[in-house]
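Worksheet for the structure shown next.
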Number of protein chains: 2
Amino acid sequence: MKPMRAQGGVAARTANKLKRKQTILDTARGIIAGGGYSTFTLAELANLANVTVPTIHNLIGNKSEVLKQLVVDMVERTEQVLFADKFSDPITSVESFADNLMDLYRNDEAFYKAAFVVGEQESLFEHGHAAGIFKKSLKLAFNVCNEAKTHGFLNGDVDTQLLADRVFANQRIARYDWMHGYINLAEYRKQMICGMLLTFASDATNDYRPALLNKINQVFAEGE
Amino acid sequence: MKPMRAQGGVAARTANKLKRKQTILDTARGIIAGGGYSTFTLAELANLANVTVPTIHNLIGNKSEVLKQLVVDMVERTEQVLFADKFSDPITSVESFADNLMDLYRNDEAFYKAAFVVGEQESLFEHGHAAGIFKKSLKLAFNVCNEAKTHGFLNGDVDTQLLADRVFANQRIARYDWMHGYINLAEYRKQMICGMLLTFASDATNDYRPALLNKINQVFAEGE
DNA sequence: ATTAAATTTTATGTTGCATAAAATCTACAT
DNA sequence: ATGTAGATTTTATGCAACATAAAATTTAAT
C-alpha cells in the first residue's frame, strides 16, 4: 500500500503567514504615516520589518500591492463613517458626518493623508467601480439630498442627482486640499461643511435658507 | 600690452542654446501628451530629441526641472484665459470663462491634462505662492463675486471670500476629475458651470435665482 | 528523526536618474 | 585660412530602487 505522504503543517503555516504579513503591513503603515509616500521603499520596509525584500514579494506582492493593501484597509475604516445617523435635517447630517470623519482621521492623521495620496496615485478611487468608495459616497449624498427634499427643506428646483454630485464634490475638494497638505484638519472640516451646506442653500426653501447661511457664516468664522 | 583674448561666440551660442533647449522641451511635451506622465523618461526624451541625457541636464536640469518648464508654460497659457471679459452677470461670466477654457484645452487636451498631473505631482500649485495660479484664480473668483454683489444679483448674506472660495473649489474639483481621466472635457465643462452657478444660487436674490437654477438644469441635461 | 513542502535568502538583473571627466565643437581674432 | 579659449556634448560610470530565479533554510506532521 502507498505510504501516507507527509503534508507539511498547512493550517499552522497559513496562520503564521498571515501574522507575518500583518507585521509587514503594519510596518509599512508606520513608514507611510511617518515620512509620507515618497520615503516609502521596499528596502526600508524589509529592514524595519526584519525580513528581506523578496519575502515581501512572496507574502504580499510588489510595491503596488503593498500600497493597495494599506489603502483598502483605510477605505474600509472610512466607509464605516458613511453609515450616517438617521436623517433629521441637512445641517445636522452634514455636521455629524464631518465630525465622525474628523474623529477618525485625527487618530492617525498622517497615515490617512498618505493613504489617500497613495490611493490617488495608484488609481484606486476610480469613479466607475460600482463597489468603490466613490459610488458609495455619492449614493449617501443622494440619500441625504432626497431626505432633505422629502422633509421640505428644499424646493426641489434642482435635480437631486445634480445636487448630490455637488454636495459630494465639495467634500472631495476639501479632502484633496487636506491630503496634499494645503490645509489642516480643522480647515478641512470648515471647507467641507461650508461647501456642502452652501450647496443645499441653493435649493433651500426661503424658510430654511437663513438657518443654513447662518450656520455657514458661523463655521466660516470659527477660530479667526 | 595685454593682447585681446578670444571671447568665443557668446551671443550666437546663447541663441543656439535656447533653440536646442526649446527642441528638447517640445519633444518632452510630445511625449507627455502622447503617453502621459508615467511613460516620460529622460532616456527616451534624449533619444527623441537627438541628444544624450547629460545634455538635457546641462541645458535644462534634472527631470523635475524639465517637467517644471512644461507646467510653467501650460500655466502661462491658461492664465491668459483668466483675464475675463467685462462683467455683466454671473451666468455670462461663468459660461464665457468655461468656454474660453474649453477652447484652450481642446487644442491639445492630452498635454494639458498631463501637465496638470505633473504640476500636482511636483507640487507646483501650492496655495501659498502669491504669484501662483491658485491665488490669481481665487482673486478672479473673488472679483466676480464682488461684482455680482454690487450689481444686485446677490443678497450679500454670505461672506464674499467664502463664496469665492466655493466658486473656485467647484471649478477645481471638476478639473481634477478631468485631468485624472474620470470625465471628459464636455463633462468637465458641465460640472464646472453647474458647480459655480449653484454656488451663486445659494446667495442669489429671489429675483435672480430662477435664472440660475434654470441655466443649471439646462446645462446638466445637455447631451443626455 | 525524517521528510516534503513552504519559506526565506543570496545573488543577480533591469531600469532610471545623475554626474565627473574626456572629447568635441564653435565662433571669433588674427 | 587657422589657432584657440571656452562652451558644449558625450563617454563612462555610479547609485538607488524594484524585481525575481535559484539555492539554502525552516517548518510541522509523521
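Under the ring pair (Phe, Tyr, Trp, His ring centres under 6.0 Å) criterion, no residue pair touches residues 37-71 of chain B, with sequence neighbours excluded.
Close to C:dT7, at under 4.0 Å from its OP1 or OP2, lies no side-chain N or O of A:Asn58. Between A:Thr55 and the phosphate of C:dT9, there is a side-chain N or O to OP1/OP2 separation shorter than 4.0 Å.
Atom CD1 of B:Ile56 and atom P of D:dT10 are 10 Å apart (whole Å). Between B:Ile24 atom CD1 and D:dT9 atom C1' there is a gap of 11 Å when expressed in whole angstrom units. Taking atom CD1 of residue A:Ile60 and atom P of nucleotide D:dT20, one finds them 15 Å apart after rounding to whole Å. Counting to the nearest Å, the P atom of D:dT26 and the CZ atom of A:Arg20 are 13 Å from each other. Taking atom NZ of B:Lys21 as the reference point, atom C1' of D:dT8 lies 15 Å away to the nearest angstrom. A straight line from CG of A:Asn50 to P of C:dT8 spans 13 Å, rounded to a whole angstrom. A:Lys19 places its NZ atom 14 Å from the C1' atom of D:dT27, with the value rounded to the nearest Å.
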Report all interatomic pairs (protein N or O, nucleotide N or O of nucleotides 13-19 of chain D) with separations under 3.5 Å.
residue	atom	partner	partner atom	Å
D:dC18	OP1	A:Lys63	NZ	2.6
D:dC18	OP2	A:Leu42	N	2.8
D:dA19	OP2	A:His57	NE2	3.4
D:dA19	OP2	A:Lys63	N	2.9

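Contact detail for A:Gly61 and A:Val66: the closest heavy-atom pair is O-CG2, 4.2 Å.
A heavy-atom distance below 4.5 Å is found between the side chains of A:Leu198 and B:Thr199.
For the side chain to side chain contact (heavy atoms under 4.5 Å, CB included) criterion with B:Ile183, the lone passing option out of B:Met179, B:His180, B:Glu187 is B:Glu187.
Between A:Phe142 and A:Phe168, the distance separating the two ring centers is not shorter than 6.0 angstrom.
For the pair A:Arg172 and A:Tyr176, the cation-pi criterion (under 6.0 Å, within 45° of the ring axis) is not fulfilled.
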